[in-house]
Structures are given as C-alpha cells and as structure tokens.
Amino acid sequence: MRKKLGTEDHLVVRALRTTQGNGVAVYSFFVPGADLLRIAEISRVHRDHDGVLQGFQRKDIRNHVQSIVEFLDQGPVLFPNAIILAISPRAHFRQSRGTKPDGDAEAAEAGTLYVPVPGDGSKAAWIVDGQQRSIALARAKDKSFPVPVVAFASEELSVHREQFILVNKARPLPSRLINELLPEVAPTLPRDLAPRRVPSELCNLLNVAPESPFRGLIRRPSDDANEAVVTDTALIKAIKNSIGSPLGALAPYKATSTQGADVTAMYRLLVTFWTAVREVFPEAWGRPSTESRLMHSAGIEAMGFLMDRIMARGSAEADTYSYIVDALTRIAPHCRWTDGRWSDIGRNWNDIQSVGRDIRQLSDQLARLDHAHAFARVA
C-alpha cells in the first residue's frame, strides 16, 4: 500500500530485517510485481560526457523478457525467484511490537518497511539482480502478482556493481561487461576475478586518455561509438598474457605479496609500444578489422607477444620509443595487415581469424620476422 510520511509518498510493506557485513541492513519482503519499477531504477551501464562509467546493468534482452511475460500470462504460476535491490538508507523500518515465538532463531526481526517514492520521478532503490524479470512483471497482465524481494541498504554505486558481479558470476553474464565494471568496484573480489581487474583498468585508460593511440577505438559494452574498431577482450587478453608471462614486458610491474601493481608504469609502456605501432603501420591503424588485421583480435594478441619479445631485448639506457620504432620498421615490409599474403605461413591477410590456431601462427610469424631482422640496419 501507499502512505504519505512527511512530504513524500512511501510504499509500505511487511518485512524482515537483519544485518550483514559491517552493519548493513538487509530486508526481505514481498511487493506486487507492477510496483517494482515504480520504486526501483534499472541503472544501465554507459559512459557520461566526461567518459566516466555510470551504471552496471546490461541492456534488456527483448526475447528473454517476452518469454517471461508469456510464462506469467499463461495462468496461475509459481515464480518464487527473488529480486535483489539496493535500497536507499532513507527507507525506514519500524520493528513490530510483541513477544517472539518460542524457539525463534533470532536471525531477523519483523516489522514494517517504508520505501520512499519521490514525487520528482527519481527512485530510492536500484535493481541489482532481476532486471529482465522486473520488466516482465511490469508488462504482465496480473499487476498484483506477489514477488519476493531481498534488499540491502546502500547508495554506493561501487557496492551495487560489486554485488551485481558476484550475483552473476556463475551465470552467463558477458565477460566484457564484467571486465568493464571490475575497475569500478572495491578490491574485495573472489580470487578468479581479481586478476582481471588491472588489465581492464588499463583498457579503460587506453580508451579515454588523450595521449593513448587507442583513444576512442576500443569497443566496450557501455558505448556504441561508431569509430571503435578494437574489441576490448582482445586487448585485455594481450595485457593479461604480458602480465602473466615471466618474460612479459608488463610482468615486472605486477602485484606482489608486499606491494600492489604499478598500473602507471604498465600504462606508460603500453602507450609507448602501441604509439610506435601506429607510427610504423599508419595505413593499418584505426580501420575496421575487416579492412585491417592489425586491429583484429588476432592482430592485437599477436602484437602483444611481439611487444614482450622486443622489450626483453631493450636496454634501460636506450630511447625506448625509438628502439621500438626501429624494431617494427625492420619487419614492416614483410607484414600483411591490409592486403597480400603472409608468405611463411601461406595465409592471405584476411584469412587470419580470432581462433587459437591462427593467433599462434601469426604470433610465430611475427617472432620469426623479428628474429631474422633484429640486427639488420634500418635504411
């Protein structure tokens, strides 16, 4: 039911309250399905005009939503899946009076929860898990269908994102979306997700920093930029490979048991290398992968391995940028990014695909070229 408290309307529900973490209030209650989108917002992942990541939810999947609507509209159905909300601490809980029953587990307390419904159209809750179901429930014929809800009190977007990732970790959530969200959440992540955080943070920096050769060229789930030509997963994988390899160019800067990763040093090295790549292969840079295999996932990963080789030979005293340009210039006449045929592997330039075999072939070809021409004089 609705009730006015002070100057704001409130949705009033019977609820259970407990606490988790550092005293975070967690509520459990039921609401009519049609009320979910009246009190809760779907925070879509996107970037604002300043390039700052906003939101966390993927776009709704039309076919999935429609299938849920059809299920709900077929008659009496059982649909006990709980929606998870982050709810504003402005929500007010009033504990019920009276004695508790004998044998009560004392894990929660019963009462009434008052959820603000601001008159300006803003929302006091955010859907963390269940956006497709919430949309479907709003469209279903039975607007009074009771839906279980679990809500935790927090207005911190980083907390919402962290819970979103953890809830969806075992489900087919797009890995690209997880990768983009990871740098924006607190570092208390499961072990299998934590190593992905630094590569994704570097990918974000490379896509937005003015001095980056990749600025605006990386496709991320939050943008629909027409000029973006590089898939973020390819660049993230190339960065992960370099960090994880003992001979990787980025490996000296990875986190240890006593200190964190030197992301700044990694970023500078990546900008230096890829700026040199842009200079040596200008005709292949910034073009769609259908026109340039340098911008293709296979090309990005293969060039990542070449970066490790070139940097392993470099001298600390040398001009790093000039050294990389020289190394790439030596092999440039033999590379076939936009036309022709890679002679040693017998593949046309556009036959190279983003599969393990092709990436290994291209990586090996670049390594052979680098080895053969490493000490040749550059005209």
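These figures come from a predicted structure and were not determined experimentally. Keep in mind that the numbers below use all heavy atoms, side chains included, and drop hydrogens, waters and symmetry copies. Residues take their numbers from the sequence shown, with the count starting at 1.
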4.5 Å side-chain heavy-atom contact, [X] and [Y]:
X	Y	value
Tyr27	Leu85	no
Ile324	Met311	yes
Trp349	Leu294	no
Leu366	Phe305	no
Arg313	Ile310	yes
Tyr267	Val271	yes
Ile331	Leu306	yes
Val149	Leu36	yes

### Query
Can you say whether the rings of Trp342 and Trp337 are parallel (under 30°), tilted (30 to 60°) or perpendicular (over 60°)?
perpendicular
Expected output: side-chain [X] to main-chain [Y] donor-acceptor under 3.5 Å:
X	Y	result
Asn348	Asn350	no
Asn207	Cys203	no
Arg219	Asp232	no
Asp73	Lys141	yes
Ser363	Ile359	yes
Ser212	Leu206	yes
Ser297	Ala234	no
Lys143	Ala138	yes
Ser292	Ala284	yes
Thr231	Thr233	no

### Query
Taking atom CD of Gln20 as the centre, does the number of heavy atoms from other residues, nucleotides or ligands within less than 6.0 Å exceed 12?
no
### Query
Are Leu270 and Met307 close enough, and set up right, to give a side-chain contact (heavy atoms from CB on, under 4.5 Å), and what steps lead you there?
CA-CA 9 Å; Leu270 288 165; Met307 175 185 73; 4.0 Å; yes
Heavy-atom pair with the smallest gap, counting every atom of [X] and [Y]:
X	Y	answer
Phe29	Ala151	CE2-CB, 4.0 Å
Pro199	Lys240	CG-CG, 3.3 Å
Ser144	Pro32	CA-CB, 4.0 Å
Trp126	Ile87	CZ3-C, 4.2 Å
Thr275	Glu211	OG1-O, 4.4 Å
Phe71	Leu78	CZ-O, 3.7 Å

### Task
Using the salt bridge (charged side-chain N to carboxylate O under 4.0 Å, His left out) rule, take Asp358 and Arg293 through it: C-alpha gap first, then chi angles, then the decisive distance, then the call.
CA-CA 12 Å; Asp358 288 12; Arg293 281 309 194 252; over 6 Å; no
Membership question, hydrophobic clusters at under 4.5 Å side-chain separation (ILVMFWY): are [Y] and [X] in the same one?
X	Y	result
Leu16	Val12	no
Phe30	Leu72	no
Val65	Val77	yes
Tyr321	Val277	yes

If you measure from [atom1] on [X] to [atom2] on [Y], what distance do you get to the nearest 0.5 Å?
X	Y	atom1	atom2	result
Leu247	Asp308	CG	CG	8.0 Å
Arg347	Gln353	CZ	CD	7.5 Å
Ile345	Arg368	CD1	CZ	7.5 Å
Ile218	Leu235	CD1	CG	5.0 Å
Ser28	Arg17	OG	CZ	13.5 Å
Met295	Leu217	CE	CG	7.0 Å

### Task
Determine, stepwise, if the pair Ile83 / Val31 fulfils side-chain contact (heavy atoms from CB on, under 4.5 Å).
CA-CA 10 Å; Ile83 305 295; Val31 296; over 6 Å; no
### Task
Verify whether the ring centers belonging to His10 and His92 lie closer than 6.0 Å.
no
### Task
Could you list all the salt bridge (Lys or Arg N to Asp or Glu O under 4.0 Å) pairs where at least one residue sits in residues 262-289, not counting sequence neighbours?
Arg287-Glu291
### Query
After noting the C-alpha distance and the side-chain angles of Arg309 and His371, does the key distance pass the side-chain contact (heavy atoms from CB on, under 4.5 Å) rule?
CA-CA 9 Å; Arg309 280 184 57 89; His371 178 77; 3.8 Å; yes
For a quick test of your reading: what N or O donor-acceptor pairs under 3.5 Å do the side chains of residues 248-256 make, sequence neighbours left out?
unit_1	atom_1	unit_2	atom_2	d
Thr256	OG1	Thr258	N	3.3
Thr256	OG1	Thr258	OG1	3.3
Thr256	OG1	Gln259	N	3.2

#### Entry: Trace of the side-chain contact (heavy atoms from CB on, under 4.5 Å) decision for Leu11 with Arg38
CA-CA 9 Å; Leu11 178 71; Arg38 294 175 186 163; over 6 Å; no
#### Entry: Name of the residue among Gln95, Arg14, Arg94 meeting side chain to side chain donor-acceptor pair (under 3.5 Å) with Thr112
Arg14
